Every structure is written in C-alpha cells, then in structure tokens.
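Structure first, commentary second.
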There are 2 protein chains.
Amino acid sequence: MEYTVNKLAKMSGVSARTLRYYDEIGLLKPARVAASGYRFYRQTQVDMLQQVLFYKELGFSLEDIKKLLSAPDFDRQRAFEDHLAALQEKRERFETLILNVTKSLTALKGEITMSDQEKFEGFKQKLLNDNEQRYGDEIRTKYGDALVDETYAKLKGLTKEQYAKSERLRLEFEKTLKAAFDTEDPAGTLAQKACDLHKQWLLVFYPRYSKEYHLGLGEIYVADERFRANYDKIAPGCTEFLRDAINIYCR
Amino acid sequence: MEYTVNKLAKMSGVSARTLRYYDEIGLLKPARVAASGYRFYRQTQVDMLQQVLFYKELGFSLEDIKKLLSAPDFDRQRAFEDHLAALQEKRERFETLILNVTKSLTALKGEITMSDQEKFEGFKQKLLNDNEQRYGDEIRTKYGDALVDETYAKLKGLTKEQYAKSERLRLEFEKTLKAAFDTEDPAGTLAQKACDLHKQWLLVFYPRYSKEYHLGLGEIYVADERFRANYDKIAPGCTEFLRDAINIYCR
DNA sequence: CCTTGACTTTGACGTTACGTCATAGTTTAT
DNA sequence: ATAAACTATGACGTAACGTCAAAGTCAAGG
C-alpha cells in the first residue's frame, strides 16, 4: 500500500505541507520519489510518522526527534513504553488542571478561597513535563506497576477501557477529596463533588449501585483497617471525613 | 500583594520575557509602572494571567484571547465552565492516545494487528480541538457550540471534509428546526424533515446510529442544560419540541 | 555614603514549525 | 482530449516567544 502526500496527510491528521517540511529537514523521507517528483510513502514511513507525532505530542523538537529516531540503538518497543509513561503523566497534569478549574469555580462562588499559587497548579508542572528530563529509568518500574494493575483488572473482568476510566476517576476522586478535606466542610461543594466521583468510580465495578450500598461502604471504610489506611494516607482523619460527606450526599 | 515580573513569572511558570511580551501586545498590562519603568502586577492581573493560560492551553491564539478577555460581556464563571468542558475533552483525547500506545505495543508483540488508521487515533482529533478557524468571528458563542460538537466528535476522529459536511448539515438542520418550531406541530412534515437532518448529522459522528440512541439523545438534550441552552437558543422551548419530534420520528 | 550584586529595562535579532500564496508541471476521469 | 484534481518547488509570512547586549535600578552590607 502506497500513500501519496495527501492520502497520508488525511489519514494522520497533519498537512501536506508538514510532510514536505519533514522531507526537507530529513526527518521523514518518502519511500520513493517518482520521476515526476511525486512522493510516495509506505509502511515504514507510516510507522515512523506515528513515532514522530507521539514525540511531538510530548513536547520534543523536530530536531531532537530526528536524533532519537535515527539513533542506531532506537528501540520501538522501548519508545512506546516511554510514550505510555509520559502520556500518563500528562494526563495527570490534566487532572490537576481540571481540579484547578473546579476549585476556581467554587472560589468564585465564595465558598472557598484560593491562594495565588493554587491558581497556577497544573501550569507550572508543565515545565518539568515538557522538557525531556522526564525520560529517565524509573519510568520502567512505573510502567510495570501499571501492567500489574491491568492484569488484576482483567481478573476482575474489566476491559481496558473500563480500567482506564476507573483509574481516571480514582485519581480525580482522590485529588478532589484531598482538596475537600482542607475545606473541613463535608457538606461543601467540593466534598459533594468528591462523593459524586466516588459514586462514578464505584459504578465501574458495581453497576448495581444504590444509596444504601454507598452509605454502608462509608461505614466499612471507617471500620476496616485496610480501607482506613488507604484513605488516611491522603490525610489523617480523611476516612471519617469521607464517611460524613457520603452520609450527606446520600440524603 | 504586588508582584514584580520575576515573582509573577516564577509563581505562574511562564518566563519574564513572556510577561513583557504580553504587555507589549496589550494582552496583560501591569497594574502600575514605576517611574523607573519597573512593572508591578496585582490581584486582577494574576487572575487574568490564569485565564490567559487556560485559553492558551486549549489552543487559542493570543490575539483571540485578547479579544475574548476584553469583550464587554466576558463572564468569568462562564469562562471557567467552558474551560472545564474543554479540558475534559482534551483528557479524553489523552485516553485515546494512551489506548493507541497500548495497542501499538500489543501489535508489536504480534498479538493483534493494527490498521494504519488506528495508528493515528487521538492525533486526528487534535485538528478539531486546536484549530480555531472554525470558531469564526464570534468565538464566544462558537466556543459553546463546539462543546456540543466535540462531545460527539470524541466518538470518532473527523477529517476536515467530514467536519465541513457536518457543519453544513447542522446549519440546515437548525434552519429547518426553527421553521418547524413555528408550525407548533412536532408530527408535521417540517419537524420530521428536521429529525431526518438531525439523523444525517449524527451519522457523521456516530455511524452506528440506532433509533434507541436517537431517542436517548432527545432526552439528554432536555436533561442536560448545556445541550438545552444550545437548542433553546434557536427558540425558547425548542429543546422539548425537538425531543417530541424525535419521539415521533423514531416510531 | 558607597559599593556590590541581584534585578529590571528596552531594543534588536534569531528561531521553530509550519501557513500561505504563486506558478507550473502531472495524473486521472470523462 | 480536455477538464478537474493533484503535486512540485520556491519564496515569503507568522506566532510566540528565546536569547543576547547595553544600561539603568534597588536592597543590603561594610
């Protein structure tokens, strides 16, 4: 299967001009060039373009991408694994930004106050993230952990999408809960938001959700040491706070 | 509390040069300038910078941000709400990218095969998200409209052509719906014509259309205020009218 | 009061990753 | 055979800063 510039452009979402530019700077040369000068791309180039786009998404300059891809020890699998870790971190940043907006909205209503620092949470991180410092070694272990979790999820009968959703919800829930705990108000907007996220999260595992179930779980969290440890990790006393918030949420 | 350039820069994560540039183009002027020429920023500017960074994160050009922020009808709360929706959209894109990497890794191991199209899932969508051209002149309202579009767009990456087609359909649909609403008859020819156009439009985003889906969507339009606002904009009460018409259309 | 070092100012030019023409040749469809 | 659609190569334009250089400003210590 051969692609012309426009075909490849449309499939990948970049412009034809971009492909010409990549050819010009030697980042992605076509598989062959006809006598007419027309460019033709094949499988190798399609896969390379995918790599380029991933690296670009993660904030690498084209020059650096060129170096990376043309390195003699370039390892596709390793690259994908790095992408995965980096993308997950970027997603974390979005969680932070979303929490930032949520808090800003609450602050606008006068229910909480926000420090100036807090107003930029999620933006500052970008510095660390965008720059390529992040591509270290401990990423590998992190990826390993994710794999374990995922295997575990499979045992429980979750699809990859469900697992992704549950993780996303859990992260957002924990962040919101932490912020809510600081307000010391289990009836406040943030605490109730946290409860809602908790519900969403539960729904992934137990679609037969009910208020009674949710209330019972709140009590179990407080009563059972294993759960308690998990939520007190967020902040001491957080487990009780969550239970109180759930009690209000379920009325 | 007054901030000097470097103080504000460090807190927000941008560079001092950036703040000077924003001053230069009139996007963010300091609260006061000392006789020495030193810039000093205060609360208002801090909050404005936060807005700027949110809009920037979402792919707006500085010129458009300037227009948005200086508009007489700029509404901070509304802005934050828009940010929230847009950020959640972007997060969805990351989910897609993460899934893409995961699949690519599995494909590399030979466990599954991936089509070339699939290799670019999550990148193509970016077009819709980043590109502001389609926002036209009245960015404000369009930004709201895009919210709805993108809710569907996330289901499938759209090419520029597909998007153009969907826009044509949407415009014709809205015109027909308006005319139908004036007849006050959800079972009438015009209303049913509108439903048909609505279906055509949906098909662009969601080819696996079903009557159940269409019916459910009618209810969601009424229930979700973001959608409701969008259709009530055509005429007050239009959302319910559309739902009723869809109910008849799908029998 | 003076010095020193950290901070700030205004230019001015450079850079990245393309967008946007214009002009001209090529391929495909009817 | 001819139009319609596609592609090529310049060449210039751009957005949002980065990166100097040269010079003025401020806060603290001696």
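Chain A is the first sequence line, chain B the second, and so forth, proteins listed ahead of strands; every chain is numbered from 1. In this text the structure is predicted, and so the values were computed from the model without any measurement.
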Tell me the interatomic distance from [X], atom [atom1], to [N], atom [atom2], rounded to whole angstroms.
X: A:Glu63; N: C:dC18; atom1: CD; atom2: P; answer: 14 Å
X: A:Tyr55; N: C:dA17; atom1: OH; atom2: P; answer: 16 Å
X: A:Lys66; N: C:dT16; atom1: NZ; atom2: P; answer: 12 Å
X: A:Leu19; N: D:dT7; atom1: CG; atom2: P; answer: 11 Å
X: A:Lys7; N: D:dA5; atom1: NZ; atom2: P; answer: 14 Å

Let me confirm one number: the CZ-CG distance from B:Phe54 to B:Leu87, rounded to the nearest 0.5 Å.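 So the CZ of B:Phe54 and the CG of B:Leu87 are separated by 6.5 Å.
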Rounded distance [0.5 Å steps], CD in B:Glu172 versus CD in B:Gln200: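 Reported to 0.5 Å precision, the distance equals 10.0 Å.
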Would you mind telling me which of [options] lies closest to the side-chain atoms of [X]?
X: A:Ser61; options: C:dA17, C:dT8, D:dT7; value: C:dA17
X: A:Asn6; options: D:dT7, C:dG19, D:dT9; value: D:dT7
X: B:Arg20; options: C:dG11, D:dT9, C:dT8; value: C:dG11
X: B:Arg17; options: C:dT8, C:dG19, C:dC13; value: C:dC13
X: A:Tyr21; options: C:dT8, D:dA16, C:dC18; value: C:dC18

Should A:Thr96 and A:Asn100 be marked as a side chain to side chain donor-acceptor pair (under 3.5 Å) after you check the CA-CA gap, both sets of side-chain angles, and the distance that decides it? CA-CA 6 Å; A:Thr96 312; A:Asn100 185 334; over 6 Å; no
Closer than 4.0 Å, any side-chain N/O of A:Thr4 to the OP1 or OP2 of D:dT7?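 The answer is yes; a side-chain N or O of A:Thr4 sits under 4.0 Å from OP1 or OP2.
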Distance below 4.0 Å between A:Thr18 side-chain N/O and C:dA17 OP1 or OP2: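 For A:Thr18, the contact criterion (side-chain N or O under 4.0 Å from OP1 or OP2 of C:dA17) is not met.
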Answer yes or no: are there more than 12 heavy-atom neighbours, outside B:Lys29 itself, under 6.0 Å from its atom NZ?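 Correct, the count exceeds 12.
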Other residues, nucleotides, ligands: >12 heavy atoms within 6.0 Å of A:Glu63 CD: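 Open: at most 12 neighbouring heavy atoms sit under 6.0 Å from CD of A:Glu63.
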Heavy-atom contacts under 4.0 Å between residues 22-45 of chain B and DNA chain D, which residues?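 Those residues are B:Tyr22, B:Ser36, B:Tyr38.
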[Y]/[X] salt bridge by N-O under 4.0 Å criterion:
X: A:Arg91; Y: A:Glu95; answer: no
X: A:Lys178; Y: A:Asp182; answer: no
X: A:Lys175; Y: A:Glu121; answer: no

Is there a side chain to side chain donor-acceptor pair (under 3.5 Å) between A:Gln43 and B:Asp116 once you walk through the steps? CA-CA 8 Å; A:Gln43 201 53 51; B:Asp116 283 347; 3.2 Å; yes
Five pairs per end, C1' atoms only: what is the angle between the end axes of the helix from C:dC1-D:dG30 to C:dT30-D:dA1, to 10 degrees?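 Nearest ten degrees gives 20° for this helix.
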